[in-house]
Amino acid sequence: MPDAGQPQAYDFAEAEARWQRVWDERGCFRVADLPGDGKPKYYVLEMFPYPSGKIHMGHVRNYTLGDVVARYKRARGFSVLHPMGWDAFGLPAENAARERGVHPAEWTYANIAAMRGELRRMGLSLDWEREFATCDPAYYGQQQLLFLALLSAGLAYRKESFVNWDPVDGTVLANEQVIDGRGWRSGAPVEKRRLAQWFLRITDFAPELLAALDSLDRWPERVRTMQAKWIGRSEGARLSFPLARPEGSIGAIEVYTTRPDTLFGMSFAALAPEHPLAAAVALRDPEAARFIAECRRLGTSEAAIETAEKRGYDTGLRVQHPFLGDEEPVWIANFVLMEYGTGAIFGCPAHDQRDLEFARKYGLPVPPVVLPPGERAETFTIGDAAWLGPGTMIHSDFLDGLEWEAAKRRVIEELEARGLGQGEVNWRLRDWGVSRQRYWGCPIPVIHCAGCGVVPVAETELPVRLPDDAEFDRPGNPLDRHPSWKHVRCPRCGGKAERETDTLDTFVDSAWYFSRFCSPAAVRPVDRAAADHWLPVDQYIGGIEHAILHLLYARFFTRAMQKTGFLSVKEPFAGLFTQGMVTHESYRAADGRWLYPEEVERQADGSVVERQGGMAVSVGRIEAMSKSRRNTVDPGAIIARYGADTARWFILSDNPPDRDMEWTEAGVAAAHRFLHRLQRLAGSVADRPVEARPPAEVPDLFSEPARTLRRRTHQTIVAVTTALEEFAFNSAVARLYELAGAIAEAERRESDAGVAAARSEAMETLLRLAAPVIPHLAEELYARLHPGTSALVALLPWPEPDPALIAAETVTIAVQVGGRLRGTIRLPPGAPEPEVLAAAAAEHNVARALAGRRIVRHILVPDRIVNFVVAG
RNA sequence: GCGAGAGUGACGGAACCGGUAGACGUACGCGACUCAAAAUCGCGCGGCCGCGAGGCCAUGGGGGUUCGAGUCCCCCCUCUCGCACCA
């Protein structure tokens with residue numbers, strides 16, 4: 001144990017619990033819905049956790065980051081809202097019910113109780129009085145009210161779309177439950193099945209969701225880029241290809257393309273397997289039907305469809321080229337998506353990589369029509385790579401000689417003039433399907449009546465509660481087969497009717513919880529005044545994996561709530577920070593078993609063996625902690641062994657928070673050692689009381705070591721403040737290590753009264769700067785420095801730097817000759833140019849490098865660098 | 001497959017706006033303390049050459065711009081995240 005030999009080491013378990021109690025009793029972190037304290041507001045929020053039962057290191061990282069921000073902003077004089085709750089609906093609870101016979105509610109609330117305890121032991125400065133879980137009827141009832149508001153605003157509607165269907169279990173599968181095209185439990189090949197489902201009209205907001213990204217200047221650039229690409233505005237053309245012979249009632253294929261300029265390079269047309277024309281062909285062509293059935297087995301995941309081998313089926317149909325009248329074959333292709341554009345494309349293999357691979361596979365022609373700069377039309381051919389860049393049009397009739405961009409405009413004009421098509425803006429974003437055929441989610445509050453159609457449940461009847469007595473003994477939706485729950489009277493005609501048995505996607509739950517936190521007890525979804533006060537969230541923190549879906553849905557839902565009169569803001573998150581994953585080495589025994597880190601031991605020679613039995617263990621790669629690889633470290637065990645402050649310090653100290661971090665035993669031990677060092681330092685400072693505060697206005701009265709320490713103290717305030725503002729927490733930690741080293745060094749050099757005063761100032765400053773990271777130890781040591789005080793570091797203002805103490809007495813200037821470093825000189829800051837040049841040229845190694853050479857010119861960056869450019 | 005990022009000593013990383021690459025921490029080595037070990041404290045620590053002064057090489061690889069490139073531009077490699085029903 002690292003704390004062996006530390007007899008009077010403080011008992012962190014006792015002390016951490018004690019300070020947590022003090023903060024709690026004094027209500028340090030509670031705020032009112034409408035504070036009225038005149039302070040500026042600051043809303044810090046970390047993505048709320050799914051209650052799996054135990055916190056993991058990702059949570060520790062996420063909530064430590066948020067807590068540092070919350071404590072720092074409080075010290076800067078803000079009234080800080082920092083709430084916590086539970087994203088409590090979802091699949092795992094239902095799986096637990098099926099596997100272990102525990103009711104999802106019982107399982108979920110037990111998990112919440114366990115995780116709440118773990119989070120409390122982390123010492124987070126949360127307002128726990130705002131806690132709720134999305135599975136509380138009080139929460140999901142309000143969500144049902146929001147759904148009804150969207151419904152009456154025309155933002156919710158029903159349409160048919162595809163789900164993954166397990167034909168053996170008779171159940172709908174999530175994408176993650178489809179493994180290699182088969183159901184995870186039954187092993188049966190999945191099928192796409194068409195189902196009527198609820199959708200939210202996110203596409204109505206596509207233009208503004210895209211445009212407003214520019215205003216989110218405190219979001220990571222890459223998240224904004226990803227969202228912009230996801231929304232995917234494209235300009236192109238919609239055009240119609242007449243069929244040479246109509247197929248039943250279908251006489252033409254509608255196609256959307258972003259490359260109308262390549263129309264003369266067409267060598268085929270391709271349909272999505274779900275396209276109506278494909279279905280029509282399948283009716284008379286068993287081969288086509290078989291091909292379509294095979295495509296259905298790919299499931300609904302776009303990644304699965306796009307990574308699958310590109311395959312097609314030639315329907316034998318022909319379409320006419322709109323300008324040339326040539327006939328081109330119509331294929332059904334597994335990579336054409338029904339959800340994007342019109343579900344049909346024209347293939348131009350020379351200028352689209354996917355089309356090229358398809359054409360090569362099936363021996364279709366590849367005529368180039370865009371000539372890259374520097375190529376000659378007579379010799380240019382396409383090899384393995386399609387040409388996607390700019391160029392001049394060739395082999396393209398009336399487009400010949402035009403640049404590609406001009407050709408796009410020209411061909412659209414021509415299509416419009418001849419009534420064959422038109423220019424069109426298209427969006428990649430699709431409407432948000434929110435229906436889930438599952439029990440553990442928010443019931444959709446509508447009733448289906450044979451006579452009246454879809455009838456909303458009256459607001460006074462909300463919440464529509466989940467029945468407690470559902471059965472989980474077989475697959476499928478327990479709500480749908482519940483004996484009585486869905487059978488109701490139609491609110492409109494009083495006749496027999498059925499409740500909607502689908503529940504809402506859990507992304508809906510997390511699309512507005514941050515608004516609910518402003519007034520968690522309100523009888524409406526939000527109290528308008530409280531929401532107006534606190535929103536938007538000033539700093540939102542969570543994993544990069546949510547960069548697109550959750551964040552985009554929350555942005556949309558906030559706009560939808562604004563439009564339906566619940567909120568004033570349109571953008572929910574003014575600032576966003578995305579953290580990296582927590583990783584660890586993985587260990588595998590000779591027989592292939594994965595081993596937990598606590599099951600292995602590192603030998604003196606660096607090899608790793610199993611604790612039980614001493615068998616050799618192979619050390620695998622460092623990767624994201626996961627249960628299947630068993631490379632997890634339990635935060636609960638770490639906190640019990642080292643304390644919350646150690647865990648918090650280490651998780652911030654090692655690397656920048658937006659990158660992946662590796663959890664190592666050595667790193668935790670080092671963090672723990674440093675906290676012991678702080679105690680020894682504080683003890684030695686406390687043992688030597690200071691008569692008076694150091695008079696800042698007369699720094700000359702201090703000895704040089706005292707002046708140096710004071711300068712470093714005040715430089716540290718500036719550096720740590722800047723680092724915290726920039727989320728460079730690892731750099732803040734490095735500056736605190738340095739200040740601790742400087743305190744120890746000052747005493748070694750000189751122990752006069754000035755140094756004692758400077759040390760006292762430095763130590764207290766260090767504690768207050770470190771307090772957001774290690775709040776318990778900061779309180780403990782602050783109390784030791786100020787015996788009898790009732791002040792809490794948690795409530796103290798942030799230290800103020802004194803600019804007069806910061807200025808350096810000398811600067812080091814690098815001297816280069818011909819761009820290579822040859823020496824350094826030390827001068828007072830702001831020395832005049834001739835003096836700097838003279839000193840630089842006189843430096844012995846510089847003088848040697850200059851000998852026999854002519855100085856052509858020099859470059860001088862004040863107080864930083866001199867570069868003599870030489871000839872010869 | 002498509003979209004978005006990342007890559008710096010043995011390891012995690014630092015480096016404001018293009019201006020001394022390697023702060024701080026870990027590991028390692030040496031020393032002090034100790035009967036001894038641990039803990040603690042001090043010193044050293046990118047590679048190669050050199051007795052030394054010092055020199056050369058070096059920020060995933062290759063090219064370029066510049067007085068000067070980890071930082072800017074082009075090409076390539078590897079890893080990570082997302083792909084709409086995991087949360």
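Every chain is numbered from 1 and lettered A, B, ... according to where its sequence line falls, protein lines coming before strand lines. Side-chain atoms are counted along with the backbone in the values below, which use heavy atoms only and exclude waters and symmetry mates.
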Quiz item: Considering residues, nucleotides and ligands other than A/K361, do more than 12 of their heavy atoms fall under 6.0 Å from its NZ?
Solution: yes
Practice problem: Determine the Euclidean distance between corresponding P atoms of B/C24 and B/G42; express it in Å to zero decimal places. | Solution: 13 Å
Quiz item: Is the shortest side-chain N to carboxylate O distance from A/E357 to A/R360 below 4.0 Å?
Solution: no
Practice problem: Indicate, yes or no, whether a donor-acceptor pair under 3.5 Å links the base of B/C83 to the side chain of A/E545. | Solution: no
Quiz item: So which one's nearest nucleotide on RNA chain B is more toward 5', A/S435 or A/I544?
Solution: A/I544
Self-check item: ring-ring contact (aromatic ring centres under 6.0 Å, His included) assessment of A/F89 paired with A/Y140
Solution: CA-CA 10 Å; A/F89 275 136; A/Y140 72 70; 5.6 Å; yes
Quiz item: For A/Q437 and B/C86, what is the distance between atoms CD and P respectively, to the nearest whole Å?
Solution: 13 Å
Self-check item: Pairwise P distance for B/C51 and B/U59, with rounding to whole Å
Solution: 28 Å
Quiz item: Between A/E274 and A/R194, does at least one N-O distance fall below 4.0 Å, as a salt bridge requires?
Solution: no
Exercise. With the side chain of A/T506 defined as its heavy atoms from C-beta on, choose the nearest nucleotide among B/C86, B/G54, B/A87.
Key: B/A87
Quiz item: Is A/E500 paired with A/R158 through a side-chain N to carboxylate O contact shorter than 4.0 Å?
Solution: yes
Quiz item: Contact class for A/G741 vs. all strands (heavy atom < 4.0 Å): base, sugar-phosphate, or nothing?
Solution: nothing
Quiz item: When the distance from CD of A/E94 to C1' of B/A87 is rounded to whole Å, what number comes out?
Solution: 15 Å
Quiz prompt | Short side-chain N/O contact from A/R677 to OP1 or OP2 of B/C41, under 4.0 Å | solution = yes
Practice problem: Ignoring backbone atoms, test whether A/R438 places a side-chain nitrogen or oxygen under 4.0 Å from the OP1 or OP2 oxygen of B/C85. | Solution: no
Self-check item: Interatomic distance at P, B/C17 relative to B/C72, whole Å
Solution: 11 Å
Practice problem: Answer yes or no on whether A/K310 is positioned over the face of A/F358, meaning its NZ or CZ is under 6.0 Å from the six-membered ring centre and within 45° of the axis. | Solution: no
Practice problem: Using the C1' atom on both, measure B/A69 against B/G25 and round to a whole Å. | Solution: 28 Å
Exercise. Take the protein atom CD of A/E339 and the nucleotide atom P of B/C83, then report the distance between them rounded to whole Å.
Key: 15 Å
Practice problem: Would you kindly compare A/L91 and A/L549 by the position of their nearest RNA chain B nucleotide and give the one closer to the 5′ end? | Solution: A/L549
Exercise. May I have the distance from A/I305 (atom CD1) to B/A84 (atom C1'), rounded to whole angstrom?
Key: 11 Å
Quiz item: In terms of side-chain heavy atoms, does A/D166 have a donor or acceptor partner in A/T171 at a distance below 3.5 Å?
Solution: no
Quiz item: C1' atom, B/C28 versus B/C76: distance in rounded Å?
Solution: 36 Å
Quiz item: Can you check whether A/Y642 and A/F650 have ring centres sitting under 6.0 Å from each other?
Solution: no
Practice problem: Summarise how protein sits on nucleotides 1-23 of chain B as a single string, 5' to 3': B when a protein heavy atom is under 4.0 Å from the base, S for sugar-phosphate-only contact, - for no contact. | Solution: B-SSS-S----BSS-B--BB--B
Quiz item: For A/H550 and B/G82, is the shortest distance between a side-chain N/O and OP1 or OP2 below 4.0 Å?
Solution: no
Quiz item: Would you say a side-chain N or O of A/R822 is under 4.0 Å from OP1 or OP2 of B/C56?
Solution: yes
